Amino acid sequence: MERKWWHGLTAYQIYPKSFLDTNGDGIGDLRGIISKLDYLQELGVGLVWLSPVYASPLADQGYDISDYYRIDPRFGTMDDMDELLREAKRRDIAIVMDLVVNHCSDEHKWFREACRNPEGKYGRFFYIRKHQRGEPMPCNWRSYFGGSVWSELPGHDDYIYLHLFHRKQPDLNWENPEVRREIYSMINWWLDKGLAGFRIDAIINIKKALPFRDYPADREDGLSSVDNMLFEARGVLDFLNEMADETFRKYDAFTVGEVFNEKPEELPLFIGDKGCFSTMFDFGETVLNQGSEGWYAQKHVTPEQYKAACFESQRKTRDTGFLCNIIENHDEPRGVSRYLPEGTCAGAYGVAAKKLLGGVNFMLRGLPFLYQGQEIGMENTHCASIEEVDDISARDQYRVALDAGLSPDEAMESVNRFSRDNARTPFQWDASANAGFSAGTPWLRVNPNYREINLDAQRGDPDSVWNFYRALIALRKNPAFREAVVYGQTTPYLPELANVMAYFRRSDAQTLLVVGNCQDTAQKIPLPGTVKQVLLNNLRECVMEHGTLSVRPWQFVILEMDA
Ligand code: GLC
Ligand code: CA
């Protein structure tokens with residue numbers, strides 16, 4: 001595998017709206033990010049992905065872009081963006097933006113033009129079809145945010161347009177070379193500015209299986225999940241390679257794809273040496289227990305499931321490339337609330353367990369990608385009623401649960417477990433009003449636990465989650481361990497030992513053993529050799545006697561073994 005400039009970094013996702021508000025309007029902004037670059041440097045972050053800050057009506061929080069060449073005034077100005085790029089560079093932090101090109105906003109000028117003249121040039125930028133009210137739709141696909149993917153074209157009762165996501169996110173027609181050219185020039189415009197690359201949104205969706213047709217309905221609504229279409233669609237890699245040739249490859253840009261539903265044989269084509277992306281996210285754990293019914297039917301993930309999913313991802317990428325390892329992002333609940341057994345965060349082992357989850361994930365081969373607040377162990381929030389929920393996906397899932405016969409309380413229970421708002425509550429900087437996020441009224445309610453869980457409190461505490469993450473990042477950066485930590489192969493150790501997640505990371509010269517005891521009881525684990533030193537430990541002591549490691553509940557250690 002070819003070595004790349006970004007392999008040894010630790011990456012960090014910022015959700016700008018919820019990071020830091022500097023002008024009191026309740027919305028995080030670019031100036032807030034600039035003011036925290038020193039913080040990111042102190043943490044040890046080398047690459048930052050910004051969720052969208054482009055001009056947008058924010059119908060899907062910026063994933064609905066109305067102008068790719070402008071910064072939304074709520075986030076700041078282009079001067080702020082240029083300053084951010086400059087200041088980040090000075091600190092050796094690469095900045096990556098979100099590339100949202102499966103769709104744009106219905107307020108983008110292309111779509112406005114298309115509405116004016118559906119048969120004209122811009123009509124062909126989208127999927128627009130003639131349609132009489134009452135006729136069946138061209139296909140029965142269900143939008144990711146609920147309902148049909150087809151809506152009436154504004155201003156026309158005899159035309160409809162396609163949107164796989166929200167009705168305010170019309171899909172761009174990638175089959176049209178003019179659309180692709182527009183997108184490539186926009187990408188190059190940003191790369192010329194000094195951007196290091198992109199996180200690429202919903203990219204599998206750009207290829208539709210055409211002509212449109214129905215798939216078997218999978219819920220009472222008579223609609224069919226888009227997944228069924230994606231399974232059949234062929235040719236997405238042709239688009240992606242063309243895009244890479246026209247843009248990223250010329251700049252050695254870093255790209256991370258949001259890729260779901262890829263086919264196993266395609267992995268090298270995505271992230272191999274000649275792949276169309278640098279890397280993509282590992283969603284192997286994210287999709288655990290997902291069914292076609294909806295959130296309400298989704299069971300809590302067990303440590304055994306989590307371990308198996310991680311090991312499977314490691315196995316399949318072993319000779320191919322790097323995935324990005326995550327426990328959460330802006331679309332998912334907080335990892336500590338999701339992957340630790342229920343009640344763990346609030347229990348006696350909460351802090352240890354949070355560190356353990358961070359550690360077992362961070363030490364996997366690949367690029368560790370933290371999400372803002374993960375480094376202080378931020379948890380899910382709680383909403384009493386659906387009115388308090390902002391996330392359009394959660395609102396849809398509430399409906400889905402009610403339609404399936406759940407009571408409003410039960411429906412709220414599932415919303416609270418999976419709502420995207422969980423990750424979007426403001427960053428908890430300190431114990432002052434609004435967690436130090438804003439002097440105004442935050443756009444989304446701060447998690448009330450900020451008085452206990454906040455950066456300020458953790459900075460000075462050597463045993464905090466934050467200091468543990470710093471130690472993990474420092475270990476990754478340490479040249480003495482780089483070969484093993486960054487490039488070493490992953491081999492599961494005693495995978496059959498229930499609720500223990502252990503694995504080796506081996507380079508030619510070194511063997512590290514990572515051990516996490518994911519349960520409330522102590523365990524004795526046979527050691528596979530002589531231990532040279534304990535590199536990291538989430539508890540004070542580490543008991544090793546007669547070839548046995550005795551771990552306490554939720555203990556996590558990294559051992560350097562005699563090679
Ligand atoms: C991606 C984004 C998500 C957004 C969707 C539509 O999944 O991460 O936030 O809603 O694409 O753009
Ligand atoms: Ca602001």
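Just so you know, these numbers use all the heavy atoms, side chains as well, and skip hydrogens, waters and symmetry mates. Counting convention: from 1, in listed order, for ligands and their atoms alike. All values reported here derive from a predicted model rather than from experimental measurement.
- Checked against the 6.0 Å centroid criterion, the rings of His330 and Tyr63 qualify as a close aromatic pair.
- Heavy-atom contacts of Arg199 reach the following atoms of ligand 1: 2 (C), 8 (O) (cutoff under 4.0 Å).
- In Glu220, the CD atom is not crowded: 12 or fewer heavy atoms of neighbouring residues, nucleotides or ligands sit closer than 6.0 Å.
- Under a 4.0 angstrom heavy-atom cut-off, Gln61 registers as lying outside contact with ligand 1.
- In the vicinity of Asp60, heavy-atom distances shorter than 4.0 Å reach the ligand 1 atoms 4 (C), 5 (C), 6 (C), 10 (O), 12 (O).
- With respect to Arg74 and Asp72, a salt bridge is recorded, a charged nitrogen being found less than 4.0 Å from a carboxylate O.
- Asp331 OD1, 2.6 Å is the protein heavy atom nearest to atom 9 (O) of ligand 1.
- Note: Tyr215 and Trp141 have tilted aromatic rings, judged against thresholds of 30 and 60 degrees for the angle between ring planes.
- Partner Phe125 forms a ring-ring contact (aromatic ring centres under 6.0 Å, His included) with one of Trp110, Trp174, Tyr161 and no other, that one being Trp110.
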*Would you please test Glu258 and Arg199 for salt bridge (charged side-chain N to carboxylate O under 4.0 Å, His left out) and show each step?*
CA-CA 7 Å; Glu258 186 199 24; Arg199 174 268 185 180; 3.4 Å; yes
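- Within the 4.0 Å heavy-atom cutoff, Glu332 does not count among the residues contacting ligand 1.
- The atom of Asp25 nearest to the Ca ion (ligand 2) is OD1, with the search restricted to N, O or S atoms.
- Cation-pi geometry between Lys17 and Trp443 is met: the NZ or CZ atom falls under 6.0 Å from the ring centre, inside 45° of the normal.
- Sorting the N, O or S atoms of Asp29 by how far they are from the Ca ion (ligand 2) puts OD2 first.
- The Ca ion (ligand 2) has no N, O or S atom of Gly24 inside 3.0 Å of it.
- Remark: minimum distance from atom 2 (C) of ligand 1 to any protein heavy atom is reached at Asp201 OD1, 3.0 Å.
- With a 6.0 Å radius and a threshold of 12 heavy atoms from other residues, nucleotides or ligands, Tyr69 has its OH atom above the threshold.
- Ligand 1 places these atoms under 4.0 Å from at least one heavy atom of Glu258: 1 (C), 7 (O), 8 (O), 11 (O).
- Assignment of Tyr144 to the shell around ligand 1 is not supported, since no heavy atom sits closer than 4.0 Å.
- Metal site remark for the Ca ion (ligand 2): Thr22 contributes no N, O or S atom at a distance under 3.0 Å.
- When non-hydrogen atoms are compared, ligand 1 lies under 4.0 Å from the side chain of Phe145 (C-beta onward) but not from its backbone.
- The two residues Gln169 and Phe145 have their closest heavy-atom pair at OE1-CE1, 3.5 Å.
- Residue-level check: among N/O/S atoms of Asp21, OD1 sits closest to the Ca ion (ligand 2).
- Only one option out of Phe362, Phe281, Phe322 pairs with Phe369 in a ring-ring contact (aromatic ring centres under 6.0 Å, His included); it is Phe281.
- Using a non-hydrogen distance threshold of 4.0 Å, His166 does not register as a contact of ligand 1.
- The His330 neighbourhood of ligand 1 comprises atoms 2 (C), 3 (C), 8 (O), 9 (O), with distances under 4.0 Å to a heavy atom of that residue.
- The His103 neighbourhood of ligand 1 comprises atoms 6 (C), 12 (O), with distances under 4.0 Å to a heavy atom of that residue.
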